[in-house]
Student: 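Quick one: the structure is below, questions incoming.
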Amino acid sequence: MRVGAFIERAHTRPGDDHGTDLIAIALQHSGGPYTPYSSRYSRIGWLRCETAKILGLWNPAYAPLTRAAAGRDLPDDVGMDPAHYALYIEARQLDNRGYTLLRLGPYAQTRHAQQDHDRLTAALDGRETTIVPGYRVSTRYAPFDVSDHQLFADPYEADVLALLGEAVAGVSA
């Protein structure tokens with residue numbers, strides 16, 4: 001894919017597209033995802049990419065056209081917005097059957113999602129198996145599914161612990 005004057009290797013996040021114009025991608029070092037080069041390649045995270053910037057499947061012949069080959073790091077602004085993240089609060093039985101109590105998202109920054117994940121996990125500590133009888137309740141951090149945006153509660157407009165309380169009260173009622 002084209003990032004400024006260079007070509008970079010990227011991989012898509014399966015199932016995360018928003019129509020035919022945008023898809024979530026993660027930039028990779030031209031040598032592959034585990035090639036040590038710079039922390040920048042792993043720190044940027046998932047990005048929203050216009051599909052028009054995607055040139056096609058990666059070909060090793062493109063490697064000399066990358067920033068890594070030029071000895072340069074990725075810029076602070078690669079020209080793409082970050083893809084969003086979400087939290088799923090789920091109730092599961094021992095055989096893994098269950099359902100999602102609450103979906104929170106989108107989170108524009110992973111640190112905000114992680115903070116709410118930690119708050120919810122702490123609130124559930126010691127009550128995971130009793131808050132919804134017969135189920136174990138847990139919080140899972142995952143990519144935000146743009147296609148299902150209407151199913152998510154906005155974490156920035158409410159207290160996530162209050163949202164959890166409402167979801168559990170709805171099950172108990």
Side-chain angles (χ1 to χ4, degrees), residues 1-4 8-29 32-54 58 67 73-92 96 98-125 127-128 131-132 135-168 170-171:
M1 70 167 308
R2 183 164 296 285
V3 179
E8 298 296 338
R9 184 177 185 172
H11 71 275
T12 61
R13 185 163 69 190
D16 189 346
D17 58 29
H18 195 228
T20 58
D21 297 334
L22 291 174
I23 193 158
I25 60 105
L27 294 174
Q28 288 185 345
H29 187 280
Y34 303 108
T35 303
Y37 171 69
S38 172
S39 60
R40 287 302 260 258
Y41 276 89
S42 60
R43 279 192 176 166
I44 290 180
W46 294 101
L47 302 167
R48 286 272 167 235
C49 175
E50 295 174 21
T51 54
K53 290 185 178 184
I54 298 173
W58 177 254
R67 280 183 174 79
D73 206 349
L74 291 170
D76 288 330
D77 182 8
V78 293
M80 292 177 261
D81 293 329
H84 297 309
Y85 300 87
L87 294 178
Y88 295 81
I89 295 83
E90 300 173 328
R92 297 269 174 225
N96 207 27
Y99 57 94
T100 302
L101 281 168
L102 179 63
R103 293 174 177 88
L104 296 170
Y107 288 92
Q109 296 182 357
T110 57
R111 67 185 176 94
H112 294 154
Q114 189 63 51
Q115 287 170 347
D116 281 352
H117 178 277
D118 294 346
R119 288 181 65 208
L120 289 163
T121 301
L124 291 170
D125 190 28
R127 301 184 326 150
E128 303 95 343
I131 197 165
V132 177
Y135 293 85
R136 178 178 201 82
V137 177
S138 63
T139 304
R140 179 173 58 92
Y141 177 77
F144 177 70
D145 188 351
V146 178
S147 304
D148 292 335
H149 65 90
Q150 71 280 2
L151 299 175
F152 288 82
D154 186 346
Y156 296 108
E157 293 183 358
D159 178 20
V160 294
L161 297 178
L163 290 172
L164 174 63
E166 291 172 17
V168 169
V171 171

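Start at 1 with the first residue, then count along the sequence.
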Student: With side chain to side chain contact (heavy atoms under 4.5 Å, CB included) as the test, would you mind laying out the steps for Val132 and Tyr99 before giving the verdict?
Tutor: CA-CA 11 Å; Val132 177; Tyr99 57 94; 3.6 Å; yes
Student: Do His149 and Phe144 make a side-chain contact, defined as non-hydrogen atoms from C-beta onward lying under 4.5 Å apart?
Tutor: yes
Student: Would Lys53 and Ile25 count as a side chain to side chain contact (heavy atoms under 4.5 Å, CB included) here? Give the steps.
Tutor: CA-CA 11 Å; Lys53 290 185 178 184; Ile25 60 105; over 6 Å; no
Student: Check the pair Thr100, Ile89 against side chain to side chain contact (heavy atoms under 4.5 Å, CB included), reporting the backbone distance first and the verdict last.
Tutor: CA-CA 6 Å; Thr100 302; Ile89 295 83; over 6 Å; no
Student: Please find out if less than 6.0 Å separates the ring center of Tyr88 from that of Phe152.
Tutor: yes
Student: Check the orientation of Tyr85 and Tyr141. Use parallel for under 30°, tilted for 30 to 60°, and perpendicular for over 60°.
Tutor: parallel
Student: At what distance, to the nearest 0.5 angstrom, does CG of Leu151 lie from CG of Leu104?
Tutor: 12.5 Å
Student: Which pair of non-hydrogen atoms, one from Ile54 and one from Met1, has the smallest distance, and what is that distance?
Tutor: CA-CB, 4.1 Å
Student: List the steps and the verdict of side chain to side chain contact (heavy atoms under 4.5 Å, CB included) for Leu124 and Leu164.
Tutor: CA-CA 10 Å; Leu124 291 170; Leu164 174 63; 4.0 Å; yes
Student: With side chains defined as the heavy atoms from C-beta onward, is the minimum distance between Tyr156 and His112 less than 4.5 Å?
Tutor: yes
Student: What's the shortest heavy-atom distance between Arg67 and Pro75, and which atoms?
Tutor: NE-CD, 3.4 Å
Student: Where is the tightest heavy-atom contact between His29 and Arg9, given as atom of each residue plus distance?
Tutor: O-CD, 3.6 Å
Student: Does any part of the side chain of Leu161, heavy atoms only, come nearer than 4.5 Å to the side chain of Leu120, both counted from C-beta?
Tutor: yes
Student: Atom CD in Gln114, atom CG in Leu87: separation rounded to 0.5 Å?
Tutor: 8.5 Å
Student: What's the shortest heavy-atom distance between Ala153 and Leu163, and which atoms?
Tutor: CB-CD1, 4.0 Å
Student: Please tell me if the side chains of Glu90 and Leu101 come closer than 4.5 Å, counting only heavy atoms from C-beta onward.
Tutor: no
Student: Show the nearest heavy-atom pair for residues Gly98 and Tyr135, with the distance to one decimal.
Tutor: CA-CE2, 4.2 Å
Student: Write down the atom of Val160, the atom of Arg119, and the distance for their closest heavy-atom approach.
Tutor: CG2-NH1, 3.6 Å
Student: Would you mind reporting whether Arg103 and Asp148 have side-chain heavy atoms less than 4.5 Å apart?
Tutor: no
